[in-house]
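A, B, ... follow the sequence lines: proteins, then strands. Residue 1 opens every chain. Just so you know, these numbers come straight off a predicted model, no measurement behind them.
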Protein chains: 2
Amino acid sequence: MIERYLIHYFLAVMDQGNFSRAAQQCRISQPTLSVGIAKLESLVGHMLFQRTNRRVELTTHGATFALHARRIEAEFAKATLAMAVDQKRTLIRLGLVSTLPALWIESATREASIAEGEKLEIVEGRMSELAPRLERGRLDVVIGIVNGDVDDERLLFEEPYSLALSDNHPLATRSSVDPQEIADADMIVRRSCEALSDVSRFFTQRGVRPSFSARTFNDDRAVVFVRAGLGMTVMPRCFRQPGIAMPELSGFHMRRKIGMLIDPVTAGRVKDSQSLKFFAETLRSAATTG
Amino acid sequence: MIERYLIHYFLAVMDQGNFSRAAQQCRISQPTLSVGIAKLESLVGHMLFQRTNRRVELTTHGATFALHARRIEAEFAKATLAMAVDQKRTLIRLGLVSTLPALWIESATREASIAEGEKLEIVEGRMSELAPRLERGRLDVVIGIVNGDVDDERLLFEEPYSLALSDNHPLATRSSVDPQEIADADMIVRRSCEALSDVSRFFTQRGVRPSFSARTFNDDRAVVFVRAGLGMTVMPRCFRQPGIAMPELSGFHMRRKIGMLIDPVTAGRVKDSQSLKFFAETLRSAATTG
DNA sequence: GCATTTGATAGATGTCATCTATGATAGAGC
DNA sequence: GCTCTATCATAGATGACATCTATCAAATGC
């Protein structure tokens with residue numbers, strides 16, 4: 001049976017005149033589209049496209065099928081439109097980089113839930129997982145690390161990485177600490193940290209080889225370790241909280257920007273979302289007041 | 001995205017007014033249809049059916065959607081029809097019970113391949129595997145064991161089960177052998193035999209407990225063993241061939257009918273198939289001339 | 001000749017439609 | 001009441017297949 005997704009593939013190739021671009025339009029890989037068209041051709045029993053190396057054009061059978069394909073797609077569109085009235089809730093699928101403090105996420109989530117008739121679906125993960133999901137339309141928006149220039153609306157905050165240590169540590173009152181001063185200290189490794197490799201390079205380039213007292217993927221757990229005096233670590237400023245001192249690590253100037261990455265396809269829906277707005281604003285204000 | 005199969009499910013429920021019957025119409029299980037309708041409802045954002053215990057009826061949203069669903073399905077049908085012209089080859093998916101002799105299958109396949117513009121796709125297996133495949137439309141026709149009354153057109157041949165032994169065995173010249181006479185003989189077990197349990201019951205009820213010299217799923221291999229004098233076995237008469245004697249096993253009157261089981265949905269297409277006709281006739285004549 | 005762009009192929013992976021088995025509910029018959 | 005039957009829903013396992021990440025092969029442009 002000819003499924004709708006094959007109709008989609010077919011129309012995309014017609015639109016773009018090219019398999020690779022059609023695949024992009026459908027947000028699938030080129031080989032997937034290739035076998036999809038092959039399957040469609042086997043289902044209808046005819047070649048639909050004449051592939052020359054420079055361009056793709058319809059066969060006569062393809063032209064016939066094109067008429068029907070357009071009508072089918074139009075009928076689906078009409079049906080969807082007809083059912084779109086009285087829609088109760090809009091779903092926003094939000095990707096969230098895992099290197100944000102639990103407390104902030106907690107209050108942001110609570111604020112977001114105020115919005116009526118909307119539903120937030122949150123996926124946590126590293127940027128390297130979230131970015132392709134956004135790319136393929138599995139997420140509507142990602143709140144995480146953004147690089148390069150970002151307009152103010154989408155940038156939530158920018159922050160440095162600092163040293164984090166228990167506030168009864170001798171160095172806790174200092175505003176800045178030299179790497180050599182902590183050569184003998186125990187360090188805690190935040191394994192999900194996006195700056196992990198930069199931090200370790202920073203220390204090794206200065207001849208400092210700290211010993212490690214803990215390794216964790218959970219940043220809030222790392223904070224607990226620090227507060228308990230198990231060791232110190234380097235983490236984004238946003239993790240500052242009672243019991244933790246965060247002096248500058250002199251010479252380490254890396255910063256990160258936290259912002260929103262929005263899927264262009266669903267951008268309209270996302271822009272209107274009250275819950276996302278509440279969520280973002282809570283993070284933004286936490287960063288400025290903290 | 002609403003896929004076509006969901007439209008199908010929806011229309012089937014409308015047609016039948018009942019999930020279970022709709023599932024039968026779609027040749028899927030009832031739970032599959034249940035979650036399918038649930039998925040469709042979540043996609044369109046509305047309940048489509050009002051389920052009471054005794055009957056299923058459309059909601060107002062469902063009624064609206066029904067109009068569109070019919071149109072969509074109609075467009076697909078038109079498209080399929082438009083592409084059906086100039087169809088080159090028709091595919092017949094043939095299930096073949098594995099307890100038929102390789103030689104017969106070989107010549108039948110060769111004869112079938114004469115038919116132009118048709119393609120035969122053969123799946124071998126036990127009846128217990130083939131029957132559900134036919135049931136679910138994965139096969140167009142099954143050639144295998146048929147029970148009960150079958151019209152002459154679909155019945156290919158009927159045959160008894162006989163003892164099979166090497167033709168230089170002392171008993172080879174006999175027309176009939178008593179079970180007690182072979183109490184000491186080595187037997188070969190044809191593990192895929194549909195009569196296996198009947199055969200072993202037949203022997204045990206007569207107090208005969210033969211020893212086994214071979215066990216195989218491959219009937220032609222069993223023939224090779226028999227011819228080599230490794231032992232004897234009970235098999236359908238159609239396996240008779242040079243080097244093998246097949247005296248009757250007195251008291252064992254079981255017979256089997258080999259015939260065609262045809263999927264009612266694709267019956268029209270199957271009836272017209274030349275290759276299937278050649279295939280069937282070759283088997284039928286092999287049975288009468290052999 | 002070399003880099004680029006095209007679509008096709010192969011093998012691995014993940015998603016999800018499908019299955020079987022079971023539960024929950026309601027009416028029918030006694 | 002009680003069972004029996006018919007209904008649709010749920011849970012977990014399975015399998016099919018759409019999709020991915022490699023690649024390759026062929027043609028074009030420089």
Residues which pass side-chain hydrogen bond (donor to acceptor under 3.5 Å, both in side chains) with Thr99(B), listed by chain and number, not counting sequence neighbours: Glu194(B), Arg256(B)

Close residues, residues 2-12 of chain A, relative to DNA chain D [heavy-atom separation under 4.0 Å]: Tyr5(A), Tyr9(A)

Ser20(A) vs dG7(C): side-chain N/O to OP1/OP2 distance below 4.0 Å: yes

Interatomic distance where CZ belongs to Arg51(B) and C1' belongs to dA6(D) [whole Å]: 17 Å

Pairing residues for Phe76(A) by the ring pair (Phe, Tyr, Trp, His ring centres under 6.0 Å) criterion, not counting sequence neighbours: none

Salt-bridge present (Arg70(B), Glu73(B); N to O < 4.0 Å): no

Atom-pair distance (CZ on Phe19(A); C1' on dA8(C)), nearest Å: 10 Å

Separation of dA6(D) P from Gln24(B) CD (nearest whole Å): 12 Å

Residues in side-chain hydrogen bond (donor to acceptor under 3.5 Å, both in side chains) contact with Ser273(A), at least two apart in sequence or another chain: Glu118(A), Ser275(A)

Qualifying residue, where the test is salt bridge (Lys or Arg N to Asp or Glu O under 4.0 Å) with Asp263(B) and the options are Arg136(B), Arg27(B), Arg269(B): Arg27(B)

Counterpart residues, side chain to side chain contact (heavy atoms under 4.5 Å, CB included), relative to Ala22(A) (two or more places apart): Ala12(A), Val13(A), Gln16(A), Leu33(A)

Which residues share a side chain to side chain contact (heavy atoms under 4.5 Å, CB included) with Gln24(B), sequence neighbours left out: Arg21(B)

side-chain hydrogen bond (donor to acceptor under 3.5 Å, both in side chains) partners of Glu106(B), counting only residues at least two apart: Arg110(B)

Donor-acceptor contact present, side-chain Glu3(B) to main-chain Arg4(A), <3.5 Å: yes

Audit row: Arg51(A), Ile37(A), side-chain contact (heavy atoms from CB on, under 4.5 Å) steps and yes/no: CA-CA 12 Å; Arg51(A) 288 87 148 166; Ile37(A) 295 293; 3.8 Å; yes

Strand-adjacent residues in residues 125-138 of chain A, judged by heavy atoms under 4.0 Å from DNA chain C: none

Residue list, ring pair (Phe, Tyr, Trp, His ring centres under 6.0 Å) with His61(B), at least two apart or on another chain: His46(B)

Rounded interatomic separation in angstrom, taking CD1 from Ile28(A) and P from dA18(D): 11 Å

Atom-to-atom span, CZ of Phe49(B) to P of dA9(D) - whole angstrom: 11 Å

Counterpart residues, side-chain hydrogen bond (donor to acceptor under 3.5 Å, both in side chains), relative to Ser29(A) (two or more places apart): Thr32(A)

For nucleotides 23-26 of chain C, list the nitrogen or oxygen atoms of the protein found under 3.5 Å from its nitrogen or oxygen atoms, one pair per line.
unit_1  : atom_1 : unit_2   : atom_2 : d
dT25(C) : O2     : Asn53(B) : ND2    : 3.0
dA26(C) : O4'    : Asn53(B) : ND2    : 2.8

Whole-Å gap separating P (dC8(D)) and CD (Gln16(B)): 11 Å

Verdict with supporting geometry, Arg55(B) and Glu57(B), salt bridge (charged side-chain N to carboxylate O under 4.0 Å, His left out): CA-CA 7 Å; Arg55(B) 66 185 166 284; Glu57(B) 43 194 32; 3.5 Å; yes

Residues touching DNA chain C, which here means a heavy atom under 4.0 Å, drawn from residues 29-44 of chain B: Ser29(B), Pro31(B), Thr32(B), Val35(B), Lys39(B)

